[in-house]
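Basis for what follows: all heavy atoms, side chains included, without hydrogens, waters or symmetry-related copies. Every chain is numbered from 1 and lettered A, B, ... according to where its sequence line falls, protein lines coming before strand lines.
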Amino acid sequence: MPVKWVFHWQLNPGTTVNSQILAEVSQCAETINGVKGRWKANLTYYKPIFRDQTAPSEIPRDFIGISLPEQPNKCYFTLRSHRIVVEADLSIQNIMEKLQSYKSRVTLVFEGFQYHLGDFQVRVGKVVPSHSENLRGIVMEVEYLPISSLEKSREIMEDFTEIWQETLSKRSLPGRFIHAEPNFSEFGLSDNYTSQHTAVQYATVMAQLIASAQSVPAVRN
Amino acid sequence: MQHQALPQPVSISSPPPSSESRAAEAPPMQVALAMDRLSQAARLIADIRLGADRLLEALFVASQPHQSTKPLQFFAKEDASMRQHLQDLRSIGKQLEETGVINESLRSRSNSWGLHMPLVCPDGAVVAYAWKRQLAGQAGASAVDRARLAFKAFSDQKRRFFPHLEDSPSDQSGESVSKRRRVSVSHEDDATDYKTLSDVLAQLEKEAPNVKVFTYDRLDWLKRAALLPASANENPMEVSKEQSFHSLNRLGPDSVGAVATDKVAVIELLFPSVFRAIVSLHPAGSIDPDAVAFFSPDEGGSYVHARGLSVHHVFRHITEHAAMALQYFLGVKADTALYSILHWICSYQTLFTEVCSKCGRLLAMDKQSAVLLPPVHRLYRTISTTKVSSTQLVSSTKDQSHPSSQAYHAGCYSKET
């Protein structure tokens, strides 16, 4: 699978996220001769349901299920605190419902446009809770199609990021895109890129968004 | 029938034969006039034919009972126009005769323009003379060129779409060319000792330890290509063992046998996670490369062969550049072309890490295709076939000192003699 880096928008201190930033970023992609399309992904926080009330005290609260557009029949579960990622068939959601084992706490939707720039594919999207237009953040995916190896693609991706940041900086936006690369080997993942890598990157992005949201109150766009 | 001297339908007066030197009737003009009149004559003849049909029709209608005078009027009208056509034709005929088109009266007289009047042969064929002959001659010469190009295009297409077909014995030009090359090799005392495929591959393995080289006959390559991409975590060698290719004629470089080598038509060079290059040999079993193409290591399908094109921009650009490099190697020293091209292909192992020697960047926007690309060009003109030490080839990412593997963006690349 082609290598992908997931970025999230890190706001300058004291600023709030708004849809203007998203519009500017999209415009930027369009000026570099991008070909447009749409994309959408879902992320759900699950919490376990206990029949009896003798729940263990320490339950990880970061159990996430992610569905990605490039794998329509799969669902990816991560438990970031324990460095676990699992690929499952979409029917697992039926099982979870029937067994009443896990209930969704909150679902977030990543939605936006994608651009094909030569051998690169760039996706820019907003992060909103489902059934709400409350903008929680902005994410970006950059994919380099010819290579599947994380190591071999590192310099190319860094170079592209630099070019991209340069282009964006001309628009004086409050903040920038950050790529926080998780330690994939801790999750048992290899150098060869897969959708599990994407899932882990999204879980990391969510952790970052939550951390920054806790320091700034979330505002409506 | 009255033979009337009607005013001529053509407004240009015909020149008397002796006035060729008059400026207003320069030879090209005469020839143009003659061609013009010939076409007028042809039109008149067509009109006459039509008129004859109409006359017959009028006669037929008139023969029907209960007709008015209409057919008679029609007949009279047609009669008049037929006569007019015939007379026009006669006058044009006279003009043509006078200007020497119908007979050969002027043929012996050549003028300074080298032009001759067109000649109408007894069987009706119009033979245009020198000026048209010149054009015809050019057309003939270009026809030879075109035929050659067409033949080459057809044989290219055949190789591309039917690479598993054995080339027919009538493919004379390809075989004779390579025979000629081989003959010249045997006459020379060649210093390089890469005369067989196994020599070439052995030498290559020494110089580029990261590369995986495989050889196939054409049909086996097609089978393998269709099964690509191998699952990313598996070694391609393991995959093929699992799928038990009974007919896979795979030769490792250390097991090249004399019998099997004469079937080898495809060489695969794989730099894991970087690229896969396919080189085709023609004829099978020789060391004469005839095509090369680059692909992503994850690409698979029946289009992955030496005349195919990758879906990725970066590899398409490299494939184009490689075609030129191959032509260069074949032109400069054909007997070592295979070694040169394989050696040059290995310089691409730094494709995604080595910056451009001119601008110092890794990614740059290619102006022609408006796509961001790493340096897709590698110098080939300065490459020599002398043995290169392995340390130089396995260059670190920041090391750009080795001349034969200097990388350039397409836009930064300038032709050096």
Applying side chain to side chain contact (heavy atoms under 4.5 Å, CB included) to Arg361(B) and Ile163(A), what does each step give before you reach the verdict?
CA-CA 11 Å; Arg361(B) 307 203 55 162; Ile163(A) 294 173; 3.7 Å; yes

Taking side chain as everything from C-beta outward and backbone as N, CA, C, O, which of these in [X] sits under 4.5 Å from a heavy atom of chain A? Side chain, backbone, both or neither.
{"X": "Phe275(B)", "result": "neither"}
{"X": "Val314(B)", "result": "both"}
{"X": "Leu373(B)", "result": "side chain"}

Gap between atom [atom2] of [Y] and atom [atom1] of [X] - 0.5 Å precision:
{"X": "Thr353(B)", "Y": "Lys152(A)", "atom1": "OG1", "atom2": "NZ", "value": "8.5 Å"}
{"X": "Leu145(A)", "Y": "His313(B)", "atom1": "CG", "atom2": "NE2", "value": "9.0 Å"}
{"X": "Tyr144(A)", "Y": "Ser296(B)", "atom1": "OH", "atom2": "OG", "value": "9.5 Å"}

Neighbour count above 12 (heavy atom, 6.0 Å) for Arg176(A) CZ:
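Result for CZ/Arg176(A): open.
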
Please indicate whether Arg38(A) has more than 12 foreign heavy atoms, meaning atoms of other residues, nucleotides or ligands, lying under 6.0 Å from its CZ.
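Incorrect, the count does not exceed 12.
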
Report yes if some heavy atom in the side chain of Leu372(B) is under 4.5 Å from a heavy atom in the side chain of Leu117(A); otherwise report no.
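Heavy-atom side-chain distance check fails, nothing below 4.5 Å.
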
Quick check: do Pro374(B) and Ile156(A) have side-chain heavy atoms less than 4.5 Å from each other?
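A side-chain contact exists here, since the closest heavy-atom pair is under 4.5 Å.
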
Among the listed options Leu351(B), Leu362(B), Val274(B), Val311(B), the residue most often paired with chain A at heavy-atom distances under 4.5 Å
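If we count pairs closer than 4.5 Å to chain A, Leu362(B) comes out on top.
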
Determine whether a donor-acceptor pair (N or O, by modelled atom type, separation under 3.5 Å) exists between the side chain of Asp119(A) and the backbone of His312(B).
no

Kindly determine whether Glu354(B) and Glu155(A) satisfy side chain to side chain contact (heavy atoms under 4.5 Å, CB included), including the steps that lead there.
CA-CA 9 Å; Glu354(B) 190 170 342; Glu155(A) 272 127 345; over 6 Å; no

Can you give me the closest heavy-atom contact between Pro146(A) and Pro297(B), atom names plus distance?
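Residues Pro146(A) and Pro297(B), closest heavy atoms: O-CD, 4.3 Å.
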
